[in-house]
Amino acid sequence: MALKETIETEYKNALKAKEKTKISTYRLILSSIKDLDILNRSGPNKKDTDDEDIKKLLKKMVKQRAESIDIYKKNNRTDLLEVEQNELDILAGFLPKQLGEEETKKICADVISKLGASSVKDMGKVMGELKKTHADEIDFAKAGPLIKELLNS
């Protein structure tokens with residue numbers, strides 16, 4: 001089943017169960033997908049919205065929630081923190097599981113040795129290769145510092 005259809009099904013189930021948090025989050029997702037559809041239909045590069053486009057959108061939304069959570073933690077806003085955390089959990093449920101720090105470090109080390117990267121100047125090559133092979137599995141915000149550390153050692 002396509003990702004959009006899965007989200008729509010989950011939305012209908014949340015409506016039936018009267019789960020307010022899920023309902024509002026699914027509406028937000030579906031609204032963003034609809035905006036993306038409109039954007040893809042207009043403009044010079046007309047195309048249908050596919051699962052990859054939706055995954056990119058969801059990743060962006062997850063990143064926004066994570067940034068908000070950090071801000072709310074710093075300012076002791078537990079009321080807002082809880083709402084954002086619930087939305088983040090729902091959004092993350094539609095994305096592939098992210099690898100942990102140890103697995104990410106191992107993959108980064110493998111790519112560095114495969115490419116023969118020796119200094120921070122080669123970081124772009126390493127990141128490019130990682131994005132080609134492990135785009136859905138790695139959190140690149142965490143991978144960047146790991147790659148720098150590996151290249152400097």
Side-chain angles (χ1 to χ4, degrees), residues 1-109 111 120 123-124 126-152:
M1 187 186 308
L3 193 53
K4 183 178 178 183
E5 292 169 3
T6 305
I7 294 168
E8 287 170 343
T9 303
E10 290 294 322
Y11 172 61
K12 289 173 188 170
N13 292 338
L15 281 172
K16 288 176 187 171
K18 296 184 174 130
E19 297 174 276
K20 288 183 181 179
T21 307
K22 286 185 178 182
I23 291 170
S24 67
T25 305
Y26 292 136
R27 278 188 182 144
L28 188 69
I29 296 168
L30 291 170
S31 169
S32 297
I33 291 172
K34 194 167 279 190
D35 289 344
L36 188 62
D37 280 340
I38 292 167
L39 189 68
N40 283 342
R41 276 186 294 180
S42 61
N45 302 330
K46 292 182 171 130
K47 68 175 196 137
D48 289 333
T49 304
D50 59 3
D51 280 357
E52 288 306 310
D53 293 332
I54 295 172
K55 283 181 190 175
K56 284 180 190 171
L57 175 74
L58 291 173
K59 284 181 187 177
K60 182 178 170 188
M61 293 172 83
V62 164
K63 185 177 179 183
Q64 290 169 339
R65 300 305 175 286
E67 289 170 356
S68 297
I69 286 170
D70 288 341
I71 292 168
Y72 294 148
K73 280 182 183 175
K74 288 177 188 167
N75 296 313
N76 290 329
R77 293 297 309 265
T78 53
D79 52 333
L80 298 173
L81 176 77
E82 191 176 316
V83 172
E84 291 292 317
Q85 186 62 53
N86 289 337
E87 285 184 7
L88 179 86
D89 294 340
I90 292 168
L91 290 165
F94 292 108
L95 293 171
K97 186 87 171 112
Q98 298 284 303
L99 294 175
E101 191 171 334
E102 286 303 312
E103 295 103 334
T104 302
K105 197 169 189 175
K106 182 183 180 309
I107 289 171
C108 291
V111 170
V120 180
M123 192 162 169
V126 175
M127 290 293 262
E129 182 64 26
L130 283 173
K131 284 186 179 182
K132 275 191 229 167
T133 56
H134 300 285
D136 289 339
E137 302 165 341
I138 293 179
D139 180 358
F140 287 94
K142 294 176 185 170
L146 284 174
I147 293 169
K148 275 186 187 171
E149 179 187 316
L150 291 168
L151 289 172
N152 286 330

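- Nearest heavy-atom pair, Met127 versus Ile147, reported as atom, atom and distance to 0.1 Å: SD-CD1, 3.3 Å.
- Counting heavy atoms from C-beta outward, Leu3 and Leu58 have side chains that approach closer than 4.5 Å.
- Between Ala14 and Lys22, the shortest heavy-atom contact is CB-CB, 3.8 Å.
- For the atom pair CD (Glu84) and CG (Leu81), the distance works out to 8.5 Å, reported to the nearest 0.5 Å.
- Salt-bridge check for Glu52 with Lys55: passed, with a basic side-chain N closer than 4.0 Å to an acidic carboxylate O.
- Closest of all the heavy-atom pairs between Ala92 and Val62 is N-CG2, 4.1 Å.
- Minimum interatomic distance between Leu88 and Ala66 (heavy atoms only, all atoms of both residues): CD1-N, 4.1 Å.
- Within 6.0 Å of CD on Glu82 lie no more than 12 heavy atoms contributed by other residues, nucleotides or ligands.
- Once rounded to the nearest 0.5 Å, the distance linking CG of Leu146 with CD of Glu102 reads 9.0 Å.
- Rounded to the nearest 0.5 angstrom, Ile138 CD1 and Ile107 CD1 are separated by 4.5 Å.
- Crowding of Glu137 atom CD: a count of heavy atoms from other residues, nucleotides or ligands under 6.0 Å exceeding 12.
- Considering only heavy atoms from C-beta on, Ile29 stays 4.5 Å or farther from Glu10 through its side chain.
- For the pair Met61/Glu87, no side-chain contact is recorded, criterion being any heavy-atom separation below 4.5 Å from C-beta on.
- By the 4.5 Å heavy-atom criterion applied to side chains, Thr25 and Asn86 are not counted as neighbours.
- One distance of note links CG of Leu39 with NZ of Lys46; it measures 12.0 Å at 0.5 Å rounding.
- One distance of note links CG of Leu36 with OG1 of Thr49; it measures 4.5 Å at 0.5 Å rounding.
- A donor-acceptor contact under 3.5 angstrom links the side chains of Asp89 and Gln85, judged on distance only.
- Distance CG/Leu95 to CD1/Ile54: 11.0 Å, rounded to 0.5 Å.
- In the displayed structure, Lys74 atom NZ is contacted under 6.0 Å by at most 12 heavy atoms of other residues, nucleotides or ligands.
- When side chains are defined from C-beta on, Tyr26 counts as touching Ile90, because their heavy atoms get closer than 4.5 Å.
- The heavy-atom pair separating Asp53 from Asp48 by the smallest distance is OD2-O, 3.9 Å.
- What you find for Glu8 and Leu30 is that their closest heavy atoms are CG-CD2, 3.6 Å.
- Counting only distance, with no hydrogens or angles, the side chain of Ser31 and the backbone of Arg27 share no donor-acceptor pair below 3.5 Å.
- For the pair Cys108/Leu130, a side-chain contact is recorded, criterion being any heavy-atom separation below 4.5 Å from C-beta on.
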